[in-house]
Amino acid sequence: MPVMDKRIVINTGPLIALMRMEAFEVAAKLDLVFIAPDEVRLELEAGAVVGHPPVRPAWLAVQSLTSALPVMVTSVLDAGEAAVIQLALDEGIGQVCIDELKGRRMALAVGLKVTGTLGLLGKAKREGGISDVRPFLE
């Protein structure tokens, strides 16, 4: 039986959504290793500079890309989404967490498994980490 890769590359949107839902502890308990590219870290830091709450979960690893972002991709997606997809491809990570439709479509087009914030909450419920998703949505 193949060993399942527990790594997932996460984008800015789901991190902000988890923070707003006060669900960082929920994500921390998931059987996943969360990785974000430097571009996502920079987007989060830029948000904090203009007054948004800081988003720095302890369980998030930040990693640099080993290859340049393709110009064609960055013309369609923002730098964070493009970097999430590129990092997953560079590192052989099969799944990404992206909420934005364009990013999800691009990730699927290159063969990645895609989930979003709601998918993470659903996983938490299936794994018994939370009893109900509804309180986080409210």
Side-chain angles (χ1 to χ4, degrees):
M1 189 168 170
V3 176
M4 231 176 115
D5 191 349
K6 305 281 184 174
R7 299 175 299 165
I8 185 168
V9 185
I10 190 166
N11 192 30
T12 309
L15 288 167
I16 292 170
L18 289 168
M19 185 267 306
R20 287 182 177 162
M21 291 179 199
E22 299 180 5
F24 276 165
E25 286 184 34
V26 172
K29 293 177 186 175
L30 291 172
D31 190 20
L32 293 170
V33 176
F34 291 93
I35 303 167
D38 281 323
E39 290 78 358
V40 166
R41 178 186 53 80
L42 292 171
E43 288 178 351
L44 294 171
E45 288 174 359
V49 166
V50 297
H52 295 287
V55 179
R56 293 184 200 108
W59 42 260
L60 180 65
V62 177
Q63 188 170 331
S64 298
L65 294 176
T66 57
S67 60
L69 290 173
V71 175
M72 181 184 234
V73 176
T74 57
S75 68
V76 177
L77 303 177
D78 71 31
E81 292 166 346
V84 164
I85 293 167
Q86 190 64 49
L87 182 60
L89 295 173
D90 287 350
E91 298 296 319
I93 299 170
Q95 60 181 337
V96 295
C97 183
I98 300 174
D99 285 340
E100 296 82 4
L101 186 57
K102 282 184 190 178
R104 293 172 72 92
R105 285 182 178 160
M106 182 71 73
L108 289 168
V110 297
L112 297 170
K113 182 179 175 188
V114 179
T115 193
T117 306
L118 294 179
L120 295 178
L121 293 175
K123 180 174 176 56
K125 184 175 178 182
R126 287 189 304 279
E127 291 180 357
I130 58 174
S131 58
D132 192 10
V133 171
R134 185 178 307 274
F136 295 97
L137 302 178
E138 294 171 354

Polar side-chain atom of Glu43 near backbone of Gly80 as donor-acceptor pair, under 3.5 Å = yes
Cluster overlap Leu30 with Ile8, hydrophobic side-chain contacts below 4.5 Å | yes
Measure the CG-CZ distance between Leu60 and Arg41 for me, rounded to the nearest 0.5 Å.
-> 10.5 Å
Under a 4.5 Å cut-off applied to non-hydrogen side-chain atoms, are Ile10 and Val40 in contact?
-> no
Using atom types as modelled and distance alone, determine if a side-chain donor or acceptor of Asp99 lies under 3.5 Å from a backbone N or O of Thr117.
-> yes
In terms of hydrophobic clustering (I, L, V, M, F, W, Y; side-chain heavy atoms under 4.5 Å; direct or indirect links), are Phe34 and Leu42 co-clustered?
-> no
Transitive ILVMFWY side-chain link Met19 to Ile98, under 4.5 Å = yes
To the nearest 0.5 angstrom, please state how far the CD atom of Glu91 sits from the CZ atom of Arg7.
-> 6.5 Å
Residues in ring-ring contact (aromatic ring centres under 6.0 Å, His included) contact with Phe24, at least two apart in sequence or another chain = Trp59
Excluding Met21, membership of its hydrophobic cluster (Ile, Leu, Val, Met, Phe, Trp, Tyr; side-chain heavy atoms within less than 4.5 Å) reads Val26, Leu118, Leu121, Ile130, Val133, Phe136, Leu137
Does Asp78 have any side chain to side chain donor-acceptor pair (under 3.5 Å) partners at least two apart in sequence or in another chain, and if so, which?
-> none
Could you walk me through whether Leu44 and Thr12 pass side-chain contact (heavy atoms from CB on, under 4.5 Å), step by step?
-> CA-CA 7 Å; Leu44 294 171; Thr12 309; 3.6 Å; yes
Residue from Ile93, Val9, Ile85 passing side chain to side chain contact (heavy atoms under 4.5 Å, CB included) with Leu112 = Ile85
